[in-house]
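The figures that follow rest on heavy atoms only: side chains count, while hydrogens, waters and symmetry mates do not. One is the number of the first residue; the rest follow in order along the sequence.
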Amino acid sequence: MKESIHRIPSNINFKLNNKIILITGATDGIGKALAKKTAKLGAKIILHGRNKKKLELLSDDIAADKECQKPSIALLDFEIADLNSYIKLSEDIHDNFNRLDGLVHCAGILGDKTPIEQYKPEVWQKVLHVNLTAPFVLTQALFGVLKLSDSPSVIFTSSNVSKIAKPFWGAYGVSKFGIEALSQMLSHENDHIKMRVNTINPGAVNTKMRLQAYPAEDRDHLKNPEDILHPYLYFLSDESIGSNYMSLDAQY
Ligand SMILES: NC(=O)c1ccc[n+]([C@@H]2O[C@H](COP(=O)([O-])OP(=O)(O)OC[C@H]3O[C@@H](n4cnc5c(N)ncnc54)[C@H](OP(=O)(O)O)[C@@H]3O)[C@@H](O)[C@H]2O)c1
């Protein structure tokens, strides 16, 4: 079901005190802005990324704010990580926090913008793996710790090309169609338990992925990552308890 940001009241003061939240792709763009904001709202963040240096710098940066708890780090390159690494992450979260309240999937790559006729199979495979298979494996591995939370929330990040196929978007577009399907399946399969699963399409946002997709565009009119966080905060907070199966556009 397509929903609009306007359905979420804009005047909520979100509280995330002591929620344990893992954000993938936290080292840049939307994930990074979300990590900073959620830490500021009281959450204990687990920063996921593939670059140790970037993760450590971000963790230190957030911890420098006395109002924030120092984030933990989950180093996992989705391109090459094996199943044991995902299971080890789940065990670490269990040992350190005994639950996971929020899982936000932000990590992703664009791949090539090329006609299908010329799309390189090795790029196709990489994009599908990072954007779709890795979120599936991670969510599955973390299911046990999510179910230990009183109100677990899983958020997937989709795209403008995730419901109507646009030419030249190749594996990226297909991966985002897959994310919508994965999110819908997961939410319906688990609607008998307290877990909520929702998807957010951020729309056009001024990040390095957007620059890669539209190198010649005027970037002044674009929203910055900090401007589109409202639906993420909503689905992470207890304000959204009972909100399930939603696929929401952050900018319309
Ligand atoms: N920006 C937009 O206009 C827009 C529009 C629609 C949807 N989205 C979606 O929003 C999400 C965030 O995008 P963004 O624009 O914030 O992109 P971004 O700035 O390029 O950030 C992508 C993040 O994913 C991480 N990542 C990439 N490959 C990885 C791998 N193999 N293993 C682990 N982490 C990896 C990056 O790590 P590094 O820091 O190491 O590169 C970075 O933290 C994506 O799912 C994207 O599809 C974005």
Side-chain angles (χ1 to χ4, degrees), residues 22-32 34-35 46-55 73-93 100 102-146 154-187 189 197-202 205 207-213 247:
L22 189 151
I23 300 171
T24 76
T27 48
D28 220 324
I30 296 166
K32 183 176 183 178
L34 184 64
I46 304 166
L47 304 168
H48 160 267
R50 61 180 166 179
N51 182 318
K52 190 162 182 263
K53 191 79 202 159
K54 281 174 89 169
L55 286 165
I73 283 173
L75 181 66
L76 206 63
D77 186 335
F78 282 165
E79 227 182 294
I80 53 174
D82 62 10
L83 192 53
N84 287 337
S85 318
Y86 290 87
I87 292 166
K88 171 82 170 54
L89 173 59
S90 177
E91 288 170 351
D92 286 349
I93 292 173
L100 184 64
L103 169 59
V104 188
H105 293 279
C106 286
I109 53 174
L110 182 67
D112 294 337
K113 278 178 78 187
T114 312
I116 294 295
E117 190 180 359
Q118 279 105 38
Y119 208 99
K120 293 191 193 78
E122 63 272 22
V123 177
W124 181 280
Q125 203 166 16
K126 183 166 86 174
V127 174
L128 265 288
H129 190 77
V130 171
N131 290 4
L132 183 56
T133 305
F136 150 66
V137 177
L138 182 65
T139 307
Q140 189 186 62
L142 296 179
F143 224 73
V145 279
L146 281 162
V154 178
I155 303 172
F156 292 95
T157 301
S158 65
S159 160
N160 281 333
V161 296
S162 65
K163 287 175 185 139
I164 297 172
K166 291 195 187 152
F168 313 122
W169 281 83
Y172 180 86
V174 172
S175 74
K176 293 301 183 181
F177 264 69
I179 282 293
E180 292 280 358
L182 175 63
S183 178
Q184 281 180 34
M185 278 180 216
L186 198 62
S187 54
E189 284 169 9
V197 182
N198 296 283
T199 303
I200 297 167
N201 164 24
V205 184
T207 67
K208 77 172 191 284
M209 182 185 286
R210 179 76 191 182
L211 178 64
Q212 194 188 345
S247 177

From CA spacing to verdict: side-chain contact (heavy atoms from CB on, under 4.5 Å), V104, L22: CA-CA 6 Å; V104 188; L22 189 151; over 6 Å; no
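Atom CD1 of I93 and atom CD1 of I46 lie 4.0 Å apart (nearest 0.5 Å). Here the CZ-CG distance, from F156 to L186, works out to 5.5 Å after rounding to the nearest 0.5 Å. Here Q184 contributes atom CD and I179 contributes atom CD1; the two are 12.0 Å apart, rounded to the nearest 0.5 Å. One distance of note links OG of S159 with CZ of F177; it measures 9.5 Å at 0.5 Å rounding. A distance of 9.0 Å separates CD of E122 from CG of D112, quoted to the nearest 0.5 Å. With values rounded to the nearest 0.5 angstrom, I80 atom CD1 is found 10.0 Å from R50 atom CZ.
Defined by atom type and a distance below 3.5 Å, a donor-acceptor pair is missing between the side-chain atoms of T199 and S247. Side-chain contact, S175 with H129: no donor N or O sits under 3.5 Å from an acceptor N or O.
Counting heavy-atom neighbours within 6.0 Å of Q212 CD, excluding the residue itself, gives a total above 12. Heavy atoms of other residues, nucleotides or ligands lying less than 6.0 angstrom from NZ of K126 number 12 at most.
Across A35 and A26, no two heavy atoms sit closer than the pair CB-CB, 4.4 Å. Of all heavy-atom pairs spanning Q118 and T114, the tightest one is CB-CG2, 3.7 Å. Across T207 and G29, no two heavy atoms sit closer than the pair CG2-CA, 3.8 Å. The nearest pair of heavy atoms linking A213 to K113 is O-NZ, 3.1 Å. Summarising the geometry of S162 relative to E180, their closest heavy-atom pair is OG-OE2, 3.1 Å, with the distance given to 0.1 Å. Closest non-hydrogen pair, Y172 versus L110, comes out as CB-O, 3.4 Å.
Each of T139, L103, V154, L146 was evaluated against V197; a single residue qualifies, V154, per the side-chain contact (heavy atoms from CB on, under 4.5 Å) test.
The backbone N or O of G25 lies less than 3.5 Å from a partner atom in the side chain of H48, making a donor-acceptor pair. Listed for the N131 side chain is a donor-acceptor partner under 3.5 Å among the backbone atoms of I109.
Legend: residues meeting ring-ring contact (aromatic ring centres under 6.0 Å, His included) with Y119, ordered by chain and number and at least two apart, are W124.
Side-chain contact between L47 and I23: absent, with no pair of heavy atoms (C-beta onward) separated by less than 4.5 Å. R210 places none of its side-chain heavy atoms less than 4.5 Å from the side chain of V205. Taking the side chain as every heavy atom from C-beta outward, T24 and L138 approach each other to under 4.5 Å. At a threshold of 4.5 Å between non-hydrogen side-chain atoms, the residues I200 and I155 count as touching.
Among pairs with a residue in residues 75-91, those fulfilling side chain to side chain donor-acceptor pair (under 3.5 Å) read D82-S85, K88-D92, at least two apart in sequence or across chains.
For H105 and F136, the gap between ring centers reaches or exceeds 6.0 Å.
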